[in-house]
Amino acid sequence: MDHTVEHRTTRMPRGFRYSLLLAGLVIAAVSLSQCRMIDSPTTGVDLTPSTVSGRSVCLRDCNNQYKTARNAEQNRHRAAYRACGSSKSCKKQEKTLHKGNEKALKSQHKECKRGCYNEGAGVGGR
């Protein structure tokens, strides 16, 4: 005796499948339209004109401060180097001091510019 089980797959009518697809799309559209707008961007980067111009003004101020301080250091260095006269140890100390001052100025310039960016201002997860 041969026992064969006949499996029959039932197909949904095409109209019913399209109705289910349309219902799913409507549900998705309605549920997504219920999202509320947030006042700050998700990435934390705000590119509104006021913040962009504020940053550029801040960066410009940092650059101007750096240039002024660097020029003052150059003038101080030249005067101190001339004041050393023919003393090699004095000139060597002045060069070392000048390099240290330049390094400090560059570090201050970098910190000033870092302060111009206010990304991640601590308002996430309100």
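Just so you know, these numbers come straight off a predicted model, no measurement behind them.
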Can you tell me how far the [atom1] atom of [X] sits from the [atom2] atom of [Y], to the nearest 0.5 Å?
| X | Y | atom1 | atom2 | answer |
| --- | --- | --- | --- | --- |
| K95 | H77 | NZ | NE2 | 7.5 Å |
| R60 | C116 | CZ | SG | 11.0 Å |
| N63 | C112 | CG | SG | 8.0 Å |
| K113 | K110 | NZ | NZ | 9.0 Å |

Could you check if a side-chain atom of [X] sits within less than 4.5 angstrom of a side-chain atom of [Y], using non-hydrogen atoms only?
| X | Y | value |
| --- | --- | --- |
| L97 | Q93 | no |
| K106 | K103 | no |
| K88 | K91 | no |
| Q74 | H98 | yes |

Taking every heavy atom of H109 against every heavy atom of C62, the minimum-distance pair comes out as CD2-O, 3.5 Å
How far apart are the closest heavy atoms of L105 and A69, and which atoms are they? CD2-CB, 3.5 Å
Please step through salt bridge (charged side-chain N to carboxylate O under 4.0 Å, His left out) for the pair E73 and R70, ending with a clear verdict. CA-CA 5 Å; E73 171 56 23; R70 189 186 64 202; over 6 Å; no
Verify the distance criterion only: is there a donor paired with an acceptor across the side chains of R78 and N75 at less than 3.5 Å? yes
SB check E94 R76 (cutoff 4.0 Å): yes
